[in-house]
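A quick write-up on the structure given underneath.
When a residue number appears, it is its place in the shown sequence, counting from 1.
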Amino acid sequence: MQLSISNLSKLYPNGVQALKNVSLDIPIGMFGLLGPNGAGKSTLMRTFATLQDADTGTATLGDIDVLKEKKEVRKVLGYLPQDFGVYPNLNAEEMLDHFARLKGIHDNADRKMQVEALLEQTNLTNYRKRKVGTYSGGMRQRFGIAQALIGNPKLVIVDEPTAGLDPAERNRFHNLLSEIGENIIVILSTHIVEDVNDLCENMAIIHRGEVLRAGQPEALLGAVDGKIWELEIEKNRLAEMQAAYPVISVRHFAGRLKLRVLAEETPADGFNKVAPNLEDIYFSAIREREKPVVA
Ligand code: ADP
């Protein structure tokens, strides 16, 4: 099974073109949709989740027409939106039970079993009687995954799930995601390169509604292998260097700056060839698109 989308476009009434002819094939496993704020990620996620319509294009999940057979999609979908509300007076167990009823699991024993298994899987068994409103950020996101997994979905969508988590919480959340991504399609939308780096076997970079890169991270890295160059400079030389070379990123390093440049050949004396990373792919893709056209 795979999620295939072709030429999806969406223009909001205020004139923002949030998606422009987006085409992607998303197989089983973890798929990272990486892009800066405003790139169109949530718009795409909400379209998959049948919460809003695209203007044009097609999307199929196996043999389900995602844009037309919304009920069928919802039966196999788990969705963790960017912001999800909780009922302040319900504890985790009660809330999961409530969501399971909404999802149509009417058999009491079956529902109880699923809720218990999900609490266990997300490491929340010990906190099941605590009100979800009092959870830490990490616990809340794990609870979000638990509710998304009710009813054994085939497609799970998580929108910006690690924003605001501390490193330990993020790590725990990553472990949970990578476990569930083994047998189903999990789409992780994020602006955090590390999330994709750590977790995803397939990815796409989206910017201003357009897919700039798509593929396996290793393949994308392979395409720039041998073309990333690094140079350490004094801070006051930044503007000069940026004018002279196609700088893709700048990092503060012990009071100085480290520049990374994408170029076929060594840009100048002093540059060192370095192994590419996903950030290079991300920044260079965006830079390429933002670059003013020289007539
Ligand atoms: P991301 O999730 O990558 O941050 P979004 O899909 O939320 O991106 O937004 C893409 C663009 O569409 C942004 O410019 C945003 O301001 C705009 N946008 C999002 N939702 C709406 C809406 N309901 N009405 C009008 N514009 C919107």
Is [X] reaching over with its side chain to a backbone N or O of [Y], donor-acceptor style, under 3.5 angstrom?
X    : Y    : result
R142 : T122 : yes
R287 : V247 : yes
W229 : A263 : yes
R130 : Y127 : no
S9   : T56  : no
N7   : G57  : no

Indicate yes or no: does [X] engage [Y] in a salt bridge with an N to O separation below 4.0 Å.
X    : Y    : result
R170 : D195 : yes
E69  : R74  : no
R251 : E279 : yes
E288 : R213 : yes
R237 : E234 : no
R172 : D166 : no
D159 : K41  : no

Stepwise side chain to side chain contact (heavy atoms under 4.5 Å, CB included) check, I233 with L259: CA-CA 8 Å; I233 57 161; L259 310 182; 3.9 Å; yes
Where do [X] and [Y] come nearest, in terms of heavy atoms and distance?
X    : Y    : value
D280 : A275 : OD2-O, 4.2 Å
H207 : P36  : ND1-CG, 3.6 Å
V224 : P276 : CG2-CB, 3.6 Å
Q141 : P161 : NE2-O, 2.7 Å
F143 : A92  : CE1-O, 3.6 Å
S284 : I281 : OG-O, 3.3 Å

Working for side chain to side chain contact (heavy atoms under 4.5 Å, CB included), residues F31 and M203: CA-CA 5 Å; F31 186 93; M203 65 176 289; 5.5 Å; no
Ring center gap for Y245 and F271 short of 6.0 angstrom: yes
Is it true that atom [atom1] of [X] has more than 12 heavy atoms of other residues, nucleotides or ligands lying nearer than 6.0 Å?
X    : atom1 : answer
Q52  : CD    : yes
R208 : CZ    : no
N14  : CG    : yes
Y87  : OH    : no

Student check: side-chain heavy atoms of I184 and V156 closer than 4.5 Å: yes
Salt bridge (Lys or Arg N to Asp or Glu O under 4.0 Å) evaluation trace for E94 with K131: CA-CA 9 Å; E94 291 163 338; K131 289 175 184 165; over 6 Å; no
From CA spacing to verdict: salt bridge (Lys or Arg N to Asp or Glu O under 4.0 Å), K273, E265: CA-CA 9 Å; K273 193 190 282 183; E265 306 281 327; over 6 Å; no
Gap separating the [atom1] atom of [X] from the [atom2] atom of [Y], nearest 0.5 angstrom:
X    : Y    : atom1 : atom2 : result
L231 : L257 : CG    : CG    : 10.0 Å
I192 : N197 : CD1   : CG    : 12.5 Å
E201 : Q216 : CD    : CD    : 8.5 Å
L33  : N202 : CG    : CG    : 12.0 Å
K70  : L77  : NZ    : CG    : 12.5 Å
I185 : I157 : CD1   : CD1   : 9.5 Å

Chi angles and distances behind the side chain to side chain contact (heavy atoms under 4.5 Å, CB included) call for L8, L67: CA-CA 10 Å; L8 272 193; L67 305 183; 3.9 Å; yes
Which residues share a side chain to side chain donor-acceptor pair (under 3.5 Å) with D107, sequence neighbours left out: none
Residues K75, E72; criterion salt bridge (Lys or Arg N to Asp or Glu O under 4.0 Å); working and verdict: CA-CA 5 Å; K75 282 185 199 159; E72 294 306 307; 3.1 Å; yes
Joint cluster assignment, L102 & L155, ILVMFWY side-chain distance < 4.5 Å: no
Cluster link V66 to V76, ILVMFWY, side chain under 4.5 Å: yes
Audit row: Q82, S42, side-chain hydrogen bond (donor to acceptor under 3.5 Å, both in side chains) steps and yes/no: CA-CA 8 Å; Q82 216 167 337; S42 294; 3.1 Å; yes
Chi angles and distances behind the side-chain hydrogen bond (donor to acceptor under 3.5 Å, both in side chains) call for Y79, Q147: CA-CA 8 Å; Y79 180 44; Q147 65 77 27; over 6 Å; no
Test log, rule side-chain hydrogen bond (donor to acceptor under 3.5 Å, both in side chains), inputs S136 and E169: CA-CA 9 Å; S136 71; E169 284 176 332; 3.3 Å; yes
Residues that D65 engages under salt bridge (Lys or Arg N to Asp or Glu O under 4.0 Å), provided they are two or more places apart: K68
Side chain to side chain contact (heavy atoms under 4.5 Å, CB included) between Q121 and L176, intermediate numbers included: CA-CA 8 Å; Q121 188 179 356; L176 177 61; 4.3 Å; yes
